[in-house]
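First the structure, in the form of structure tokens, and then the observations on it.
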Amino acid sequence: MARHEPPIKLFTPCVARVVPRPRLFAALDEASDEAAVVFIGAPAGSGKTSLVASYVEHKKMPHLWFRIDAADEDLAAFFFFGFMGQAMRLAVPGTRARLPVFTPEDAQGLAVFSRRFFRKLYATLGRPAIVVFDDLQAVPPHSPLIDTVLPEACAEAGGGSHLILLSRDRFPASFSRPQANRRLKRLDPDSLKLTPEEALAISQLYGIPP
């Protein structure tokens with residue numbers, strides 16, 4: 001039987017041509033020390049994904065990257081079809097751990113199932129570890145994924161398990177609870193703007209005259 005490669009949505013973006021941004025690495029470290037979850041909401045082209053991909057590379061710790069797309073509005077695609085399981089095996093090669101299996105009945109107790117699912121995921125990744133969900137704007141703001149699943153992922157993060165959430169959209173109302181519980185910090189989108197030194201470093205990397 002032919003072996004199927006994991007979908008591109010599960011791979012960490014390449015950072016070979018990305019300029020490291022130590023001041024923002026320090027900001028992410030500070031936010032992660034204060035809360036288990038960091039939310040970065042900023043427009044397309046602001047450098048969110050490149051920043052976090054280079055930060056993950058800089059930290060040199062186990063990590064899982066998951067780029068959300070429209071299909072993930074269907075929880076069967078997110079859980080049942082094994083995308084999260086594939087992502088976990090990419091993050092922890094050789095693991096024999098199995099994530100909880102989502103059934104139609106679990107949709108009736110989605111919060112409970114999500115807590116159990118992420119508790120197992122974080123334990124399998126080990127601590128410290130980073131989980132990144134990119135492109136949250138790909139699903140509607142009141143989908144079960146945004147309203148229930150990811151808030152429970154926030155609730156289970158901690159003890160060395162860090163969760164980073166990236167979106168082009170405004171802060172989802174469903175994340176207000178983990179923020180109020182001081183489990184979630186928001187990175188100021190204005191901080192993503194390039195400093196003159198960073199702009200010069202990027203120009204030099206790509207051979208663009210200053």
Side-chain angles (χ1 to χ4, degrees), residues 6 9-16 18-42 47-68 78-79 82-100 111 113-136 145 149-167 171-172 175 177-189 191-192:
K9 64 184 281 168
L10 305 182
F11 287 96
T12 305
C14 178
V15 295
V18 173
V19 171
R21 304 177 74 182
R23 67 179 181 89
L24 292 177
F25 291 175
L28 285 168
D29 280 341
E30 181 179 354
S32 296
D33 287 343
E34 295 176 5
V37 186
V38 179
F39 177 88
I40 307 175
K48 303 181 299 297
T49 297
S50 295
L51 166 64
V52 175
S54 58
Y55 175 73
V56 165
E57 172 67 19
H58 167 73
K59 296 300 289 184
K60 303 294 184 187
M61 65 175 64
H63 70 277
L64 180 154
W65 193 286
F66 192 103
R67 189 176 70 195
I68 291 172
F78 184 78
F79 287 126
F83 286 154
M84 285 299 299
Q86 290 182 68
M88 182 186 71
R89 288 189 288 276
L90 282 174
V92 189
T95 182
R96 295 187 178 183
R98 294 290 182 268
L99 295 172
F113 175 83
S114 298
R115 285 196 296 273
R116 183 161 52 93
F117 184 92
F118 283 101
R119 192 175 302 142
K120 178 67 173 180
L121 174 66
Y122 294 140
T124 302
L125 289 176
R127 293 175 173 82
I130 301 174
V131 174
V132 180
F133 285 107
D134 196 0
D135 286 342
L136 269 63
L145 186 64
V149 174
L150 291 183
E152 296 302 333
C154 293
E156 289 299 320
S161 294
H162 302 292
L163 177 61
I164 301 178
L165 306 169
L166 307 178
S167 179
F171 187 69
F175 293 168
R177 176 168 56 90
Q179 183 180 31
N181 293 338
R182 299 184 178 180
R183 300 191 61 78
L184 181 150
K185 292 268 298 184
R186 296 164 69 175
L187 195 68
D188 182 359
S191 68
L192 298 180

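For the single chain, residues carry numbers from 1 onward in sequence order.
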Determine the interplanar angle of the Phe118 and Phe79 rings, folded into 0 to 90°, and report it as parallel if under 30°, tilted if 30 to 60°, perpendicular if over 60°. perpendicular
Under a 4.5 Å cut-off applied to non-hydrogen side-chain atoms, are Asn181 and Cys154 in contact? no
Side chains of Val38 and His162 in contact at under 4.5 Å (non-hydrogen atoms): no
Do the side chains of His63 and Val132 get nearer than 4.5 Å, heavy atoms only? no
Between the CG atom in Leu136 and the CD1 atom in Ile40, the distance rounded to the nearest 0.5 Å is 11.5 Å
Partners of Arg116 by side-chain contact (heavy atoms from CB on, under 4.5 Å), sequence neighbours excluded? Pro100, Asp106, Phe113
Donor-acceptor under 3.5 Å (Tyr122 side chain, Ala129 main chain): no
Does a sphere of radius 6.0 Å around CZ in Arg96 hold more than 12 heavy atoms from other residues, nucleotides or ligands, not counting ones at 6.0 Å or beyond? no
If you measure from CG on Leu51 to CG on Leu187, what distance do you get to the nearest 0.5 Å? 7.0 Å
Side chains of Phe175 and Leu150 in contact at under 4.5 Å (non-hydrogen atoms): yes
Please name the residue in the list Trp65, Phe66, Phe39, Phe83 that meets the ring pair (Phe, Tyr, Trp, His ring centres under 6.0 Å) test with Phe133. Phe66
For Lys48, does the NZ atom sit with more than 12 other heavy atoms under 6.0 Å from it, leaving out its own atoms? yes
Would Lys59 and Asp29 pass as an ion pair if we require N to O under 4.0 Å? yes
Roughly how far, to the nearest 0.5 Å, is the CG atom of Leu145 from the CD1 atom of Ile68? 5.0 Å
Gap between atom OG1 of Thr95 and atom CZ of Arg89 - 0.5 Å precision: 9.0 Å
Do you know which two heavy atoms are closest between Pro189 and Ala42, and how far apart they sit? CB-CB, 4.0 Å
Got Leu64 and Leu90 here, is their nearest side-chain heavy-atom distance under 4.5 Å? no
How close do Arg98 and Lys120 get, counting heavy atoms only, and between which atoms? O-CE, 3.4 Å
Sequence neighbours excluded, the answer for salt bridge (Lys or Arg N to Asp or Glu O under 4.0 Å) partners of Glu152 is Arg115, Arg177
Shortest non-hydrogen pair, Leu184 vs Leu165, comes out as CD1-CD1, 4.5 Å
Non-hydrogen atoms of Ser50 and Val18 that approach each other most closely: O-CG1, 4.0 Å
To the nearest 0.5 Å, how far apart are CG in Leu24 and CG in Asp188? 10.0 Å
Is there a donor-acceptor pair under 3.5 Å between the side chain of Arg23 and the backbone N or O of Ser191? yes
Treating Arg21 as the side-chain partner and Ser54 as the backbone partner, does any N or O pair qualify as donor plus acceptor under 3.5 Å? no
Rounded to the nearest 0.5 angstrom, the OG1-CG distance for Thr49 and Asp134 is 3.5 Å
Locate the shortest heavy-atom distance separating Met88 from Ala97; write the atom from each residue and the value. CE-O, 3.4 Å
